2 protein chains.
Amino acid sequence: MNSNEKPQWNGCPTRYAAGIVGDKWCFLLLRDVLLHGKRTYREFLASPEGISTNILANRLSKLETLGMLTREADPRKASSVCYFPTQKSKDFLPALVSMMVWATQYDEVTEAPASFAESFSNDPAGTIAWYEAEIDRVDQALRSS
Amino acid sequence: MNSNEKPQWNGCPTRYAAGIVGDKWCFLLLRDVLLHGKRTYREFLASPEGISTNILANRLSKLETLGMLTREADPRKASSVCYFPTQKSKDFLPALVSMMVWATQYDEVTEAPASFAESFSNDPAGTIAWYEAEIDRVDQALRSS
DNA sequence: TAAATTACTTGCAAATTGCAAGTGGAGAGA
DNA sequence: TCTCTCCACTTGCAATTTGCAAGTAATTTA
């Protein structure tokens, strides 16, 4: 891409992303699934931001419809439910981590250590891979229990 | 970061990002500023998503308060106003482009050519730098007019 | 001097949110 | 078996937010 070419299309992928992530609660649920290893309704409900139960039900169903989560029986307890991240949401990790790096730089009260941004800038692919491995570890453990 | 260390803090940068970008309209305004070279109220209002004028006023002021935009007189016409991206919002570009790459992969009706994701994966830093250069070109031209 | 442009503000109905309480089914304990 | 709790929601309702239409004040253009 050279500087004479100006892409005219570039609003569209952004609008697509805005439709999913341009909602505070969907955004935070993706965080909980991708970074915090949360998988159950109760766990999502317990997040410090305090999502209300009707909104949680609404957003979980939205994220399922959008192909970001799958709703499955909890292997530990058949009467219970788990929400697992799909490949589509796992593929969102690089974008999510990018946003974390940016936020870490500008949030004056960030709790993220400087080593996080550093580790990402030294080895972005490795940092993403580490998070992916964590997700797979959590889900494999859960599914085989 | 090795696999024994599990960061406990990582919700917070995400919550910070959610406070800014976890809103459809703020998200799309950042797209307009960072990728479409839009700078004026009229231009924002003309975006195909059809933001209403009261919401636009509200979000522009929010983004200004958050340090994402600066509100300045239009150098071409003193009675008019320009909104320029700050360094903080320019630094958001990598995250925005990451989301575009992801969306391009999953949006079945994406208008983005395959070459976009390809060019980003071949040379992420170069792709970001190209967008940054575009922004600076637009703003320098505007400011010196 | 009249009309248009620009960046908003205002009013109001409709949609969405947050809070509290309720529901139905499964499992555990007595 | 009967109750109790847990779980994943649903329901009702007041309050906030949104979208639409219209209005406004300060220029600027014709």
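These figures come from a predicted structure and were not determined experimentally. So that the names make sense, note that chain A is the first sequence line, chain B the second, and so on, each numbered from 1.
- Identified under the salt bridge (charged side-chain N to carboxylate O under 4.0 Å, His left out) test for residues 67-79 of chain B, with sequence neighbours left out: B:E72-B:R143, B:D74-B:R76.
- Rounded to an integer number of Å, the gap from A:R39 CZ to D:dC7 P is 18 Å.
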- line: Protein heavy-atom contacts under 4.0 Å, written 5' to 3' over nucleotides 15-29 of chain D as B (base), S (sugar-phosphate only) or - (none), form the string ---SBB-B----SS-
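- Contact of the A:V21 side chain with the A:C26 side chain is not registered, since no non-hydrogen atoms from C-beta on lie closer than 4.5 Å.
- Note on A:D32 versus A:R39: no salt bridge recorded, every NZ/NE/NH1/NH2 to OD/OE distance being 4.0 Å or above.
- Taking atom CD of A:E43 as the reference point, atom C1' of D:dC9 lies 16 Å away to the nearest angstrom.
- One interatomic measurement links the two molecules: CZ of B:R42 to C1' of C:dA4, which rounds to 11 Å at whole-angstrom precision.
- We find that CG of A:L56 is positioned 16 Å from P of D:dT11, with the value rounded to whole Å.
- Applying the salt bridge (charged side-chain N to carboxylate O under 4.0 Å, His left out) test to residues at least two apart or on different chains, the pairs with a partner in residues 81-93 of chain B are B:K90-B:D136.
- Rounded to a whole Å, the CG atom of A:L60 is 7 Å from the P atom of D:dC9.
- Within the 4.0 Å cut-off from OP1 or OP2 of D:dT10, not a single side-chain nitrogen or oxygen of A:Y41 is found.
- B:S47 has its side chain out of reach of B:L28: every pair of non-hydrogen atoms, C-beta onward, lies at least 4.5 Å apart.
- Taking only side-chain nitrogens and oxygens, B:R76 never comes nearer than 4.0 Å to OP1 or OP2 of C:dT5.
- Between B:T104 and A:Y16 there is no side-chain heavy-atom pair separated by less than 4.5 Å.
- Using a 4.0 Å heavy-atom distance criterion, A:F44 is classed as making no nucleic acid contact.
- Checking the phosphate oxygens (OP1, OP2) of C:dT6, no side-chain nitrogen or oxygen of B:Y83 falls inside 4.0 Å.
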